[in-house]
Amino acid sequence: MEAKFLISEVFNTSWKYTKSQIWVLVGLMIGMFIISFTLSIFALPASGSITGQIVVNLISMIISMIFSLGYIKNLFQTLDGIEPQFSAYGQQARKLFTYFIASIIVGITVLIGCIIFIIPGIYLALRLQFFQALIVEEDAGIIDSIKLSWKITEGQVGQLFILMLTMIGIAIIGLLLFGIGILFATPLIYMMYCYTFRKLNAIAIAENPENV
């Protein structure tokens, strides 16, 4: 099946939008690192007990998931030409349960694929990766987000695999640049993910408006 997007297009367009709000997007990343570091410092006294460790890990996981959902929303706002809004994090927090359960289902599915053989695991990860974007952008439910991700990625696994390798390459370059580069590479990688999702979703809606 013909590729529905070009890697060069995804990179160039994503870089353009990332640059337009680079300091806001990087600032949000730094803010998340500071929150995580602060939490780990305050959590030290509680780490001595199993209960304390569970509570700390739970709080850390909740903060991480809220940030991930809010950050994806910020990137969609950037793609729409809107300055990222901090209020997005509070708005997306209500989707926490949906995201959590969908993540578990996708994670288990991909893990089973990897156990059977690594290639099915990669295939499933590529087909199901946009469930988070669908939860944020389309307010999709647990099952719908997974099913719709499967639909919009049909026939695009090869191109998505190349995109994944490109993203890994960008992350490695970011890490090699004294580690600081990852603060700039991460927003770009996220933006490439969001742009690709919108591209595939728009095409799927145009081709099958009654099914998506």
Side-chain angles (χ1 to χ4, degrees), residues 5-40 57 59-93 95-96 99-100 102-103 106-107 110 122 125-126 128-137 145 149 153 159-201:
F5 65 93
L6 298 174
I7 303 300
S8 57
E9 175 202 356
V10 172
F11 177 82
N12 292 332
T13 306
S14 298
W15 176 237
K16 181 185 73 173
Y17 281 103
T18 302
K19 282 196 302 182
S20 71
Q21 297 290 343
I22 187 64
W23 295 114
V24 175
L25 297 174
V26 170
L28 290 168
M29 293 293 303
I30 294 174
M32 180 58 188
F33 289 145
I34 292 174
I35 292 173
S36 298
F37 179 75
T38 304
L39 178 63
S40 65
N57 289 334
I59 294 174
S60 179
M61 182 180 67
I62 290 173
I63 292 175
S64 178
M65 288 193 295
I66 291 176
F67 176 79
S68 183
L69 290 169
Y71 200 70
I72 291 291
K73 181 62 177 180
N74 283 161
L75 291 166
F76 283 134
Q77 290 172 335
T78 302
L79 284 171
D80 290 332
I82 303 171
E83 184 175 340
Q85 304 295 313
F86 189 72
S87 59
Y89 296 87
Q91 295 168 357
Q92 296 303 310
K95 302 175 183 178
L96 194 60
Y99 177 46
F100 177 67
S103 296
V106 171
V110 172
I122 294 174
L126 292 172
L128 302 176
Q129 64 176 306
F130 293 115
F131 78 94
Q132 182 181 7
L134 283 154
I135 290 173
V136 173
E137 180 87 327
S145 65
S149 180
T153 55
Q159 199 75 344
L160 287 171
F161 181 71
I162 297 173
L163 180 64
M164 180 188 72
L165 294 179
T166 303
M167 291 176 171
I168 292 173
I170 293 171
I172 292 173
I173 293 172
L175 288 170
L176 291 176
L177 295 176
F178 307 104
I180 302 297
I182 196 65
L183 290 173
F184 296 89
T186 302
L188 174 59
I189 292 170
Y190 267 97
M191 188 68 77
M192 292 171 71
Y193 167 83
C194 290
Y195 178 77
T196 302
F197 160 73
R198 278 201 169 174
K199 184 86 172 179
L200 293 177
N201 194 43

**Q.** Under 3.5 Å: donor-acceptor pair, side chain of S64, backbone of S60
**A.** no
Q: Could you give me the CA-CA distance, side-chain angles and deciding distance for F184 and L177, then say whether side chain to side chain contact (heavy atoms under 4.5 Å, CB included) is met?
A: CA-CA 10 Å; F184 296 89; L177 295 176; over 6 Å; no
Q: Would you name the heavy atoms of P84 and Q77 that are closest together and state the gap between them?
A: CA-OE1, 3.3 Å
Q. Do side-chain atoms of K95 reach the backbone of I135 as a donor and acceptor pair under 3.5 angstrom?
A. yes
Q | pair I35-F67: side-chain heavy atoms closer than 4.5 Å | A | no
Q. Can you list the steps and then say if F131 with S103 is a side chain to side chain contact (heavy atoms under 4.5 Å, CB included)?
A. CA-CA 8 Å; F131 78 94; S103 296; 3.6 Å; yes
Q. If you look at every heavy atom in A185 and G174, which pair is closest and at what distance?
A. CB-CA, 4.2 Å
(Q) Using a 3.5 Å distance criterion without hydrogens, assess whether the side chain of Y193 forms a donor-acceptor pair with backbone atoms of I72. (A) no
**Q.** Heavy-atom donor-acceptor pair, Q21 side chain to K19 backbone, under 3.5 Å
**A.** no
Q: Hey, could you give me the CE/OG1 distance between M32 and T186, rounded to the nearest 0.5 Å?
A: 12.0 Å
Q) Rounded to the nearest 0.5 Å, how far apart are CG of L126 and CE of M164? A) 5.5 Å
Q: Return the orientation label for the W15 and F11 ring planes: parallel under 30°, perpendicular over 60°, tilted otherwise.
A: parallel
(Q) Using modelled atom types and a 3.5 Å cut-off, is there a donor and acceptor pairing between side-chain atoms of Y71 and backbone atoms of L25? (A) yes
Q.
Between S20 and T78, does the side chain to side chain contact (heavy atoms under 4.5 Å, CB included) criterion hold? Intermediate values first, please.
A. CA-CA 8 Å; S20 71; T78 302; 3.8 Å; yes
Q. Minimum heavy-atom separation for R198 to D80, with atom names?
A. NH1-OD1, 2.7 Å
Q.
Minimum heavy-atom separation for V136 and F76, please, with both atom names.
A. CG1-CD1, 4.1 Å
**Q.** Sub-4.5 Å side-chain heavy-atom contact between L160 and Q129
**A.** yes
Q. How close do S145 and L134 get, heavy atom to heavy atom, and via which atoms?
A. O-CD1, 3.3 Å
Q. Can Q132 and L69 be said to form a side chain to side chain contact (heavy atoms under 4.5 Å, CB included), step by step?
A. CA-CA 8 Å; Q132 182 181 7; L69 290 169; 4.2 Å; yes
Q: Kindly compute the distance separating CZ (F130) from CG (N201), expressed to the nearest 0.5 Å.
A: 9.5 Å
Q. What distance separates M192 CE from L75 CG, expressed to the nearest 0.5 Å?
A. 12.5 Å
Q | Flag side-chain contact, heavy atom, 4.5 Å: T18 against Y190 | A | no
Q: Indicate the atoms forming the closest heavy-atom contact of I189 with M167, along with that distance.
A: CD1-O, 3.5 Å
Q) About how many Å separate CD1 of I7 and CZ of F5, when rounded to the nearest 0.5 Å? A) 5.0 Å
Q. In Å and rounded to the nearest 0.5 Å, what is the CD1 to CG distance from I170 to L188?
A. 4.5 Å
Q) Any side-chain heavy atom of Y99 sitting closer than 4.5 Å to one from S68? A) yes
